Structure formats: C-alpha cells, structure tokens
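Input: a single structure, listed below in structure tokens.
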Amino acid sequence: MKLHFHSAPVPEGVSLADWQNWQWQLRHSLKTKDDFASRFVLSEHEAAGFDAAGSTFQIRSTPYYASLAATDEPKDPIRQILMPTKHELKFGAQALLDPLGEKRNNPAPRIIHRYPDRVLFLVTDTCSVYCRYCTRKHFTGGDEAFVRSRDYEMALSYIRSRPGVREVILSGGDPLTLSDGQLERVLSDLRSIDSVEIIRIGSRMPVVCPMRVTPELVAMLRKFHPVFLMTHFNHPREITREAADALTLLVDHGVPVFNQLVLLNGINNDAAIIQAVSRRLLYLRAKPYYMFQCDPSEGTDHLRTSVDESLAIQRELWGRLSGLAMPNLSLDIPGGGGKVGLVPNFEVSRGDGWRSFEGWDGVRADYVDPDPAGRARPIDADQYQDEWAELVSAKN
Ligand SMILES: *Cc1c(COP(=O)(O)O)cnc(C)c1O
Ligand code: SF4
C-alpha cells in the first residue's frame, strides 16, 4: 500500500515562505509560559510545570512541532513531549543528574569515550525543542550554541591522538541547530583525520524542524561521506509530509538514516504505535535502529516504562513486524556501563548440548548443538588493519 503523509497546518497570519524557513522557525520558538498559553489551553499541572521546571530544565519548541500537538488535550503524545508539567518536580526512584555517567568517560572537553572504536563529540548544547525526558537535561540549554574554540581544538586533538577511534558521533544538543558553515567546518576537520572512517550526526531536527534539511545542507553533507544521520521519531504523528520530504532528501543524497526512539509511558508504550512509526520510517528508507528504555534522569519517572513492559512490547512485535523495521530494545546501564540489549526470552528449557525454544506464534522445538569442530583461520592482520585481528592471530 502506498503510505500517505499529511502536512502540518500553517498557522493563520504566517506566510508559507516563513514557515518553511528553518531560521524563522528557530527565531519564533515558543519559550515562555505566555508563548505556550497563546497556543495551548494550559492545564493546572502544565502551568505549575512552567512556574518551577524552567529553572532546572529549558523549555522550547519550534512553532512547527507545537502545531502537531493538540491545543486542548494534555494527554496528547506530542504535547507531553514538549510541555513541562509539575510531575517533573517529583524526585523519582533514581533521579540521576548524569544518568549515563558521561562525566566518568569524558577524557577531553565535549568528548564521551565509552567504546574502543567510537566517540561522541558534543558540538553544541542547544536544541530547537527540549524533550521533557531528555537524558542530557543538565548539559543542554546552556549558552554554548557552538563549542568554544579552545575546547573544540582539544576535542579534535583527542580524536587525532586515538587512531583506534574510527567513528565520530556528533551530538549535543542538536548538531543541526548549527549553521551549514559551522557544520561544514566540523565535518571537514574530522575528514582531515585519517583514522576517522564513519561520521554520524545525531539530530532530532527532521522531527521537530524538518525544514532544516535543505538542498544546500544535503549537498554539503554529501562531500563528507560516509555520513550517517541518526534521528529520533517517537510517534507516527511526527511523520508529516515535511518530515517525509526531509528523510527522502537525506537518503537520496546518500545519507543513510537510522531512527532511535525512546519508549515513553502514555506517549508510545503500545505495540501498535511502535509498529506504525517503524513501518512508516522503513517505507521512507529510514531504518528503525534502537528502541531505548528511558534513562532515569531527574523528573522523568512519570514518562518511564518498566523493563518488563518494554520487553512485552518487543515480544508483541516479534514476527509481526518485518525484521527490517524492527528496532532493538536497549537500555543504558546507569552510571556509564554502556548499552545492553534486551531481547524477549524465547528459550523454554535447556540441557547439556541442547536448548528448547518456543517461537513468536507458539511453535516449539529443540536445537541440538553439533560436536565441537575446528576454528576459523585467523584473518590477515595486515590486510584488515584491525586490532581484533591482531588479537586473534596472537592467540593462534
Ligand atoms: C550510544 C553510544 C554510542 C553508540 O553506540 P552504538 O551502539 O554504536 O549506536 C557511542 N558512545 C556512547 C558514549 C554512547 O552512549
Ligand atoms: S533533541 Fe535530544 S538532546 Fe535535545 S532535548 Fe530532545 S532528547 Fe535531549
């Protein structure tokens, strides 16, 4: 079936040219309680959220993203993503300031280095929408729209000094809030480092300000390939015509797009919603990649699902949703342990050399291990220039 996508409504009194201009969207962001009250009928909980939450966590939305949310229904999924409430003030079960323990893995300014072959580079602390469940609440929304030049140089030297780092993930904040010129400088500096193979850009702009993805931007990105874009759609209602056009433009210019969603209580914790968003993204050639457990950052308890509930959603999708559209359920171990995959358990029993499984629709059978056989021959370390290969050949 051909899938259809609907345009966001352009508010009265705004020209189409302004509406489609990403800088206009950023300049006309909703920030104050009054800005929001002029579009939404604020509930008591929301009004209280503005009065207090603003001091701990920034509030901001593009007019475009706000136009996708219902004006008179506080339970509307998009509204719950952008609107503060008094529930954010509750000290939760875990309430961590730095849920990912990023300060522990921070060897240079703006660098988070947790895995041997890839680093995060936080190039900005600014976002065009501040999601209420954000993991980096205490990093975002300062006033370093672009990393200071001393920190920038130190971050680049760190990457340069670690040839094992083959992948740099631009993050923040949202790197696509930078101008094309700033972004081009970052990409070209990274490309001047020989050991950097893959560049990823983590951005929610295709969701909250899809007009940011212009023909000029994608023509610029194309010069620095392989560049991947990791985006963040949580709900099928976010996939408008404008968002679909942004994804198409990226993919057509050779930028593979992956989606990382966060399971959120009352917003998308339902298998049918995850199926709808995943199918639509796949149709637009964006690969559903991760489905994250919401991190226990301060004031997010009301938005978090339990691990059991998330596993039940993953299990419902198993077998019914194309493997291409299936996101991997994953959780970040609090304190900096890194990601762990959460997979529904299909094993029903096991013994010596065998395991018994029950598949997604109830078919059961045993899998019997073969007798131990030989090992693969080590790969040629010179040819693959891979430290793992060196390890393997050292063992043999
Ligand atoms: C998530 C994350 C990555 C990327 O992990 P992938 O599984 O490769 O997507 C890299 N570094 C840090 C610190 C991360 O949190
Ligand atoms: S776009 Fe990402 S970094 Fe910015 S507020 Fe939302 S979740 Fe946090």
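Counting starts at 1 for both ligands and their atoms, in listed order. Note: hydrogens, waters and symmetry copies are ignored here, and every other heavy atom, side chains too, is used. All of these numbers come straight from a predicted model, not from anything done at the bench.
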Side-chain H-bond candidate by donor/acceptor type, [X] with [Y], under 3.5 Å:
| X | Y | value |
| --- | --- | --- |
| Asp125 | Thr140 | no |
| Tyr367 | Arg350 | no |
| Glu88 | His302 | no |

Atoms of ligand 1 less than 4.0 Å from [X] heavy atoms?
| X | result |
| --- | --- |
| Tyr289 | 6 (P), 7 (O), 8 (O), 9 (O) |
| Arg118 | 4 (C), 5 (O), 6 (P), 7 (O), 8 (O) |
| Arg114 | 13 (C) |

Are [X] and [Y] an aromatic pair by the rule of ring centers under 6.0 Å?
| X | Y | result |
| --- | --- | --- |
| Tyr133 | His232 | yes |
| Trp318 | Phe346 | yes |
| His113 | Tyr158 | yes |

(message) In the structure I gave you, are the side-chain heavy atoms of Phe292 and Thr135 within less than 4.5 Å of one another anywhere?
(response) no
(message) Quick test of your reading of the structure: of Tyr290, Phe228, Tyr115, whose heavy atom lies closest to atom 11 (N) of ligand 1?
(response) Tyr115
(request) Report the protein N/O/S neighbours of atom 6 (Fe) of ligand 2 that fall below 2.8 Å; do not count waters. (result) Cys131 SG
(request) May I ask you to decide if Val14's main-chain N or O and Asp18's side chain share a donor-acceptor pair within less than 3.5 Å? (result) no
(request) Kindly indicate whether atom 2 (Fe) of ligand 2 is approached by any protein heavy atom to under 4.0 angstrom. (result) no
(request) Distance to 0.1 Å, residue and atom name: give those for the protein heavy atom nearest to atom 15 (O) of ligand 1. (result) Lys339 NZ, 3.2 Å
